[in-house]
Amino acid sequence: NIIRMKRVIKTQDAPAAIGPYSQATETNGMLFISGQIPLSPDSGKIVPGGIKEQTEQVLMNIEAILTEAGYKISHVIKCTCMLKDLNDFQSMNEVYGSFFIENPPARAAFEVGRLPKDVLIEIEAVAVK
């Protein structure tokens with residue numbers, strides 16, 4: 001098996017990394033998107049509102065990274081959703097479902113103790129062409 005070089009993905013249409021990581025990396029036709037939090041790429045601030053607004057921003061950030069890498073939302077095969085409060089699951093699901101309408105990816109969802117910047121949600125994704 002030949003492993004191709006890693007390609008680092010970076011776009012101004014999604015928030016810049018806030019630590020020593022890339023927005024995404026691609027190798028062998030697979031795209032690994034780092035956990036995205038609800039930061040506006042324009043202001044760098046957490047979007048106002050609750051879980052629905054935060055989920056929408058996270059998924060828009062993921063879409064921007066997918067686009068930069070030459071992928072589409074339909075290429076996403078796995079998401080991991082980390083929620084501050086699992087009571088927000090249904091509201092998050094409503095927004096999530098509006099992005100993944102047909103053939104949604106595999107997914108795991110967890111309540112976690114704390115997320116960066118005390119946001120309500122973080123989502124990471126894997127896509128394959």
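In this chain, numbering begins with 1 at the start of the sequence shown.
- The aromatic rings of Tyr71 and His75 sit perpendicular to each other, their planes meeting at more than 60°, with 30° as the lower class boundary.
- Within a 6.0 Å sphere centred on NZ of Lys78, heavy atoms belonging to other residues, nucleotides or ligands number more than 12.
- Formation of a donor-acceptor pair under 3.5 Å by the Glu53 side chain with backbone atoms of Gly50 is found in this model.
- Using modelled atom types, no side-chain atom of Glu111 and backbone atom of Met82 make a donor-acceptor pair closer than 3.5 Å.
- Of all heavy-atom pairs spanning Lys6 and Thr25, the tightest one is CD-CG2, 3.7 Å.
- Under the 4.5 Å side-chain criterion, counting only non-hydrogen atoms from C-beta, Leu66 is in contact with Leu31.
- The backbone N or O of Asp88 lies less than 3.5 Å from no partner atom in the side chain of Gln90, so there is not a single donor-acceptor pair.
- The distance from the NZ atom of Lys117 to the NZ atom of Lys45 is 9.0 Å, given to the nearest 0.5 Å.
- Remark: the backbone N or O of Leu120 is not paired with any side-chain donor or acceptor of Asp85 at under 3.5 angstrom.
- To the nearest 0.5 Å, atoms CD1 (Ile46) and CD (Gln54) are separated by 6.5 Å.
- The main-chain N or O of Ile37 is never found under 3.5 Å from a side-chain atom of Gln57 such that the two would form a donor-acceptor pair.
- Distance check, rounded to the nearest 0.5 Å: CD1 of Ile123 to SG of Cys81 gives 4.0 Å.
- Between the side chain of Lys72 and the backbone N or O of Glu63 there is no donor-acceptor pair closer than 3.5 Å.
- The minimum heavy-atom distance linking Ile62 with Ile33 is given by the pair CG2-CD1, 3.9 Å.
- Between Tyr96 and Thr55, the closest heavy-atom pair is N-CG2, 4.3 Å.
- The hydrophobic cluster containing Val126 does not contain Tyr21, counting ILVMFWY residues as joined when their side-chain heavy atoms lie under 4.5 angstrom apart, directly or transitively.
- Here the closest non-hydrogen pair linking Ile51 and Ser91 is CG2-CB, 3.5 Å.
- Under a hydrophobic-cluster definition in which Ile, Leu, Val, Met, Phe, Trp and Tyr are linked whenever side-chain heavy atoms come within less than 4.5 Å, directly or via other members, Leu86 and Val58 are assigned to the same cluster.
- Of all heavy-atom pairs spanning Pro38 and Ile121, the tightest one is CD-O, 3.4 Å.
- The shortest heavy-atom contact between Ile65 and Ile9 is O-CG2, 4.0 Å.
- Using a 4.5 Å cut-off between side-chain heavy atoms of Ile, Leu, Val, Met, Phe, Trp and Tyr, with links allowed through other members, Met92 and Phe99 fall into the same hydrophobic cluster.
- Contact annotation: the side chain of Val8 approaches that of Ser22 to within less than 4.5 Å [non-hydrogen atoms, C-beta and beyond].
- Applying the salt bridge (Lys or Arg N to Asp or Glu O under 4.0 Å) test to Arg7 and every residue at least two apart in sequence or in another chain returns Glu26.
- Rounding to the nearest 0.5 angstrom, the gap separating the CD1 atom in Ile101 from the CD1 atom in Ile73 is 9.5 Å.
- Here CG of Asn103 is found 13.5 Å from CD1 of Ile77. Values are rounded to the nearest 0.5 Å.
- Residues Gln12 and Pro41 are not in side-chain contact: their nearest non-hydrogen atoms beyond the backbone lie 4.5 Å or more apart.
- With sequence neighbours left out, Glu94 forms a side-chain hydrogen bond (donor to acceptor under 3.5 Å, both in side chains) with Lys52.
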- Message: Checking Phe110 against Leu83 for the side chain to side chain contact (heavy atoms under 4.5 Å, CB included) test, could you report, in this order, the C-alpha distance in whole Å, the side-chain angles of both residues, the deciding distance, and whether it holds?
- Response: CA-CA 6 Å; Phe110 304 93; Leu83 294 127; over 6 Å; no
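- Side-chain N or O atoms of Asn28 include none that pairs as donor or acceptor with a backbone N or O of Met30 at under 3.5 Å.
- Leu39 and Leu115 fall within the same hydrophobic cluster, defined by Ile, Leu, Val, Met, Phe, Trp and Tyr side-chain heavy atoms under 4.5 Å apart, directly or through other members.
- Remark: side-chain polar atoms of Glu124 are not paired, donor with acceptor, to backbone N or O of Gln36 under 3.5 angstrom.
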